[in-house]
Protein chains: 2
Amino acid sequence: MISEDLLLLMNIAKVQAIVSRKFDSLSAHGLGVSDFVILYLLHNAPEFRMRRIDLADKIGLTASGVTRLLGPMEKTGLVTREANERDARVSYVVITSTGKKIFQEAKVTAERVAKDILSFKKNKSLRAISELLQELGGNIQ
Amino acid sequence: MISEDLLLLMNIAKVQAIVSRKFDSLSAHGLGVSDFVILYLLHNAPEFRMRRIDLADKIGLTASGVTRLLGPMEKTGLVTREANERDARVSYVVITSTGKKIFQEAKVTAERVAKDILSFKKNKSLRAISELLQELGGNIQ
DNA sequence: AAATATTACTTGATTACTCAAATATATCTC
DNA sequence: GAGATATATTTGAGTAATCAAGTAATATTT
């Protein structure tokens with residue numbers, strides 16, 4: 001009927017939909033999942049800054065999507081904007097100290113959710129992806 | 001800094017974002033990814049019909065989301081609505097012959113995209129999920 | 001150095017969802 | 001069999017993204 005490849009990709013989509021709803025608890029910190037990942041990336045970036053385009057690439061969204069996400073984050077003071085002296089097209093995103101603080105707080109929540117989702121994993125070594133997806137609710141066949 | 005579990009989930013999100021953009025080619029058939037999956041599930045369901053709630057569960061979305069998706073699909077004649085004689089709360093979704101035809105056409109496209117995305121997989125046996133995600137662009141660290 | 005192409009980013013219009021609440025029906029409990 | 005609870009679905013309001021097109025600056029070609 002349908003290939004294993006296509007099935008796998010449909011199941012990744014399903015798992016992601018389920019998982020992203022579980023991360024709704026990040027909203028207690030005023031963050032969506034993508035906001036959290038952005039803060040994570042900036043927190044680990046050299047000088048706490050990245051170009052928008054590199055951020056987009058790293059997080060797997062389009063430049064447009066990143067622009068939309070950053071708007072509210074600038075407004076609430078999680079990140080700021082800084083120009084590049086050599087190239088006026090570029091504007092860096094920099095995480096603020098508020099951003100770092102919120103990230104640390106949200107990380108606790110996110111880790112708890114992640115642990116909860118993957119709790120069945122225990123000490124077994126890494127399984128094949130389809131088994132993992134199966135256990136995560138990816139059971140389209 | 002951050003657990004492997006959380007990293008894994010962030011990478012699933014990233015991969016899904018990348019993959020779903022690649023499936024944009026389904027729009028040539030007037031479908032989004034979720035529309036395609038709905039048609040697939042109905043196509044394989046007994047009597048080509050499912051309750052909305054079961055569809056939601058199977059696809060991994062909320063009942064609300066399913067309602068929103070089905071509206072346009074009813075309008076374009078891919079599916080119809082049928083009542084349950086025993087339980088007036090329930091309305092079945094049934095795939096139409098048009099829906100079946102469009103599904104078969106879209107399946108060709110979807111299979112091509114899936115094959116393209118997973119082409120590197122070749123005949124190797126299933127790899128561990130993080131390696132797979134890595135190859136799919138899930139390289140957040 | 002002028003013309004062309006490329007890159008970084010933003011914007012307008014749209015889609016695909018979410019949650020919380022509402023509605024309607026069915027099922028349980030006493 | 002009346003009242004309380006549970007289930008299936010829809011709706012209102014909002015969020016998180018998309019693409020295509022636009023702007024502005026830089027880099028490349030001629």
Side-chain angles (χ1 to χ4, degrees), chain A residues 13-39 49-76 79 81-93, chain B residues 13-39 49-76 79-94:
Chain A
K14 175 174 179 179
V15 166
Q16 170 53 22
I18 293 169
V19 166
S20 84
R21 281 199 303 277
K22 298 203 175 175
F23 275 102
D24 199 44
S25 43
L26 284 175
S27 69
H29 305 94
L31 301 178
V33 179
S34 296
D35 299 323
F36 177 79
V37 180
I38 286 173
L39 291 182
R49 82 195 50 211
M50 288 179 85
R51 302 190 314 162
R52 283 157 150 72
I53 191 89
D54 295 331
L55 198 47
D57 191 63
K58 198 79 180 171
I59 198 181
L61 302 179
T62 62
S64 172
V66 165
T67 295
R68 310 269 187 207
L69 288 168
L70 289 177
M73 293 176 77
E74 284 183 60
K75 231 169 226 163
T76 54
V79 298
R81 170 187 300 261
E82 262 182 45
N84 179 328
E85 296 180 355
R86 304 251 179 106
D87 188 339
R89 289 170 303 182
V90 170
S91 82
Y92 287 106
V93 199
Chain B
K14 176 174 179 178
V15 166
Q16 170 53 22
I18 293 170
V19 166
S20 84
R21 282 200 304 273
K22 298 203 176 175
F23 275 103
D24 199 44
S25 43
L26 286 174
S27 69
H29 305 93
L31 301 177
V33 179
S34 295
D35 300 323
F36 177 80
V37 180
I38 286 174
L39 292 182
R49 81 194 51 211
M50 289 179 85
R51 303 189 315 162
R52 281 155 152 72
I53 191 90
D54 295 331
L55 198 47
D57 191 62
K58 199 78 179 170
I59 199 181
L61 301 179
T62 63
S64 172
V66 165
T67 295
R68 310 267 187 205
L69 289 169
L70 289 176
M73 293 175 76
E74 284 183 59
K75 230 169 227 165
T76 53
V79 299
T80 48
R81 169 187 301 261
E82 262 181 44
N84 178 328
E85 295 179 356
R86 303 250 178 106
D87 188 337
R89 290 169 302 181
V90 170
S91 84
Y92 287 107
V93 198
V94 191

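We name chains A, B, ... by the order of the sequence lines, and we start the count at 1 in each one.
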> For dT10(C), does OP1 or OP2 lie under 4.0 Å from any side-chain N or O of Arg81(A)?
yes
> Under 4.0 Å between a side-chain N or O of Arg52(A) and OP1 or OP2 of dT10(C)?
yes
> May I have the distance from Lys22(B) (atom NZ) to dT18(D) (atom P), rounded to whole angstrom?
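Atom-to-atom, Lys22(B) to dT18(D), this comes out as 14 Å.
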> Check every strand shown and say whether Ala88(B) touches a base, only sugar-phosphate, or nothing at a heavy-atom separation below 4.0 Å.
sugar-phosphate
> Side chains of Arg52(B) and Arg81(B): does their closest heavy-atom pair fall under 4.5 Å?
yes
> Given dC9(C), is OP1 or OP2 found less than 4.0 Å from the side-chain N or O atoms of Thr67(A)?
no
> Set out, in order, the CA-CA distance, both residues' side-chain angles and the distance that settles side chain to side chain contact (heavy atoms under 4.5 Å, CB included) for Arg21(B) and Asp24(B), then state yes or no.
CA-CA 5 Å; Arg21(B) 282 200 304 273; Asp24(B) 199 44; 5.6 Å; no
> Mind calculating the distance between CG (Leu55(B)) and P (dA8(D)) to the nearest angstrom?
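My rounded result for the distance is 14 Å.
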> Once you round it to whole Å, what is the distance between P of dC19(D) and CG of Asp24(B)?
5 Å
> May I have the distance from Ile38(A) (atom CD1) to dA17(D) (atom C1'), rounded to whole angstrom?
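Those two atoms, CD1 and C1', are 12 Å apart.
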> Using ring-ring contact (aromatic ring centres under 6.0 Å, His included) as the criterion, list what pairs up with Tyr92(B), not counting sequence neighbours.
none
> Compare the minimum distances between each of dC17(C), dA8(D), dC9(C) and the side chain of Leu61(B), then state the nucleotide with the smallest one.
dC17(C)
> Could you pull out the closest heavy-atom pair between Ile53(B) and Ala63(B), with the gap in Å?
CD1-CB, 4.3 Å
> What I want to check is whether an N or O donor and acceptor connect the side chain of Arg89(B) with the base of dT9(D) at under 3.5 Å.
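Flag unset: no donor-acceptor pair detected.
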> For Ser34(B), which contact category applies under a 4.0 Å heavy-atom criterion: base, sugar-phosphate, or nothing?
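The residue Ser34(B) makes sugar-phosphate contact but no base contact.
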> State, to 0.1 Å, how close Val33(A) and Leu26(A) come at their nearest heavy-atom pair, and which atoms those are.
CA-CD1, 4.1 Å
> Provide, to the nearest angstrom, the distance between the CD atom belonging to Gln16(A) and the P atom belonging to dC17(C).
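So the CD-P distance, Gln16(A) to dC17(C), works out to 12 Å.
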> Give the C-alpha distance, both sets of side-chain angles, the deciding distance and a yes or no for side chain to side chain contact (heavy atoms under 4.5 Å, CB included) between Leu61(A) and Leu55(A).
CA-CA 8 Å; Leu61(A) 302 179; Leu55(A) 198 47; over 6 Å; no
> Rounding to an integer number of Å, can you tell me how far Asp57(A) CG sits from dA8(C) C1'?
13 Å
> Between dT11(C) and Ser64(A), is there an OP1 or OP2 to side-chain N/O distance shorter than 4.0 Å?
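The answer is no; no side-chain N or O of Ser64(A) sits under 4.0 Å from OP1 or OP2.
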> Report which part of the nucleic acid Ser91(A) touches: base, sugar-phosphate, or nothing (heavy-atom distance under 4.0 Å, all strands).
sugar-phosphate
> Could you state the CG-P distance from Leu26(B) to dT18(D), rounded to the nearest angstrom?
17 Å
> Would you indicate, yes or no, if dA8(C) has its OP1 or OP2 atom less than 4.0 angstrom from a side-chain nitrogen or oxygen of Arg51(A)?
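For dA8(C), OP1/OP2 do have a side-chain N/O of Arg51(A) under 4.0 Å.
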> Would you tell me if any nitrogen or oxygen in the side chain of Arg68(B) comes within less than 4.0 Å of OP1 or OP2 on dT18(C)?
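No.
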> Would you kindly compare Asp35(B) and Asp87(B) by the position of their nearest DNA chain C nucleotide and give the one closer to the 5′ end?
Asp35(B)
> Which nucleotide sits closest to the side chain of Leu69(B): dC17(C), dC9(C), dA8(D)?
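The answer is dC17(C).
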> Mind calculating the distance between CG (Asn84(B)) and P (dT7(D)) to the nearest angstrom?
16 Å
